[in-house]
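Take a look at the structure set out below.
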Amino acid sequence: MRRSIHRLNAGTIEVDSGDFVQYRDLGTRIRVPIYAYLIEDDGATGAVLVDTGAEDTDEIVTELKRLGLAPADIRTVIFTHLHFDHVGGAAIFPLSTIFAVNRRELEFAAGGMTRQEYRLADIELLLDRTHIPGAMWFFDLQGYERQQILPGVFVARAGGHTEGSINVFVETSDGIACLCGDVIQDVEAQVVAPPFQVNHREPRMAGNSAVSQADDRSAMKALLGHASWLLPAHEKGFKIEQGRVVGRLSGARAPGPVEPLK
């Protein structure tokens with residue numbers, strides 16, 4: 001099954017520059033976009049949304065409408081992780097929409113480890129759904145093997161950013177696309193030309209990672225070796241060839257035209 005993927009605008013967020021790239025311009029506030037991704041309906045399993053953006057849901061509703069959809073038309077929402085800028089728009093979806101998440105991520109989110117990124121209202125919504133038949137779908141991803149969950153759609157434990165983050169892999173007409181959430185947050189600064197780089201092809205970790213440096217770097221390297229398209233939550237997408245970033249996606253659909261890196 002070969003699917004296409006649409007990038008959806010899902011708000012913006014203001015962060016410290018050093019949160020996205022470790023030690024970069026500490027104390028400097030930057031505003032970055034938030035993206036969700038729609039995996040096209042295969043005619044049998046329904047449309048799949050990956051992440052829902054932040055709490056301001058007007059933008060995601062507008063984006064769905066642009067594609068001829070309403071929140072009730074989404075069969076499944078897959079969360080790469082449960083930080084507020086990825087799960088904040090979840091409340092607009094009816095109980096008929098299945099919410100899918102790695103069980104370890106919900107355990108981590110509810111455990112009080114990093115309260116700033118996990119909002120009580122978001123976690124309560126998900127916990128309430130666990131008592132409603134058919135409303136939640138838990139992945140129990142321990143190793144790094146991909147698990148097929150729908151035709152042409154696979155999930156795997158990411159190993160980076162948070163304890164329970166996952167990657168979503170989609171078979172397209174031009175190779176595998178990886179929807180990586182926040183495993184890589186600034187592709188050019190973390191992968192293409194990392195600041196303070198010493199070793200060859202050594203990515204720069206983010207400053208807001210909840211895992212070890214070794215795990216974070218390993219997770220980023222794994223993505224580059226297993227995908228033809230990299231679709232992060234805060235950038236517009238990139239083309240990968242032989243483990244290297246070779247261009248930026250110029251449109252909102254993947255696969256699609258690619259423009260050279262600046």
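- Between Asp186 and Arg24 there is a salt bridge, since at least one side-chain N of the basic residue sits less than 4.0 Å from a carboxylate O of the acidic one.
- Formation of a donor-acceptor pair under 3.5 Å by the Glu59 side chain with backbone atoms of Gly11 is found in this model.
- With Phe84 as the aromatic partner, Arg119 does not meet the cation-pi criteria of under 6.0 angstrom to the ring centre and within 45 degrees of the ring axis.
- No path of Ile, Leu, Val, Met, Phe, Trp and Tyr side chains, each step under 4.5 Å between heavy atoms, connects Ile74 with Val50, placing them in separate hydrophobic clusters.
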Check your understanding: Are Asp216 and His161 close enough, and set up right, to give a side chain to side chain donor-acceptor pair (under 3.5 Å), and what steps lead you there?
Key -> CA-CA 6 Å; Asp216 217 37; His161 192 56; 5.8 Å; no
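- Only one option out of Phe138, Phe93, Trp137 pairs with Phe99 in a side chain to side chain contact (heavy atoms under 4.5 Å, CB included); it is Phe93.
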Review point. Does the pair Arg2 and Ser173 meet the rule for a side chain to side chain donor-acceptor pair (under 3.5 Å), with working shown?
Key: CA-CA 6 Å; Arg2 301 292 185 263; Ser173 60; over 6 Å; no
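- When each of Ile98, Val48, Thr97 is paired with Val77, the side chain to side chain contact (heavy atoms under 4.5 Å, CB included) condition holds for Thr97 and for no other.
- Ring orientation note: the planes of His86 and His81 are tilted relative to one another, at an angle of 30° to 60°.
- The existence of a salt bridge linking Glu171 and Arg3 is excluded, since no basic side-chain nitrogen approaches an acidic carboxylate oxygen closer than 4.0 Å.
- Both tests pass for Arg146 against the ring of Phe169: distance under 6.0 Å to the centre and angle within 45° of the axis.
- No side-chain donor from either of Glu117 and Asn208 sits under 3.5 Å from a side-chain acceptor of the other.
- Between Thr12 and Arg31, the side chains place a donor N or O and an acceptor N or O closer than 3.5 Å (distance only, hydrogens not considered).
- Looking at Glu145 and Arg157, no side-chain N of the basic residue comes within less than 4.0 Å of a carboxylate O on the acidic one, giving no salt bridge.
- Within the 4.5 Å cutoff, side-chain heavy atoms of Asp174 are placed close to those of Lys239.
- Relative ring orientation between Tyr35 and Tyr37 is described as tilted, the plane-to-plane angle lying within the 30° to 60° band.
- Between Lys236 and Arg7, some side-chain heavy-atom pair lies under the 4.5 Å cut-off.
- Annotation: the span from Leu95 atom CG to Ile132 atom CD1 amounts to 4.5 Å, rounded to 0.5 Å.
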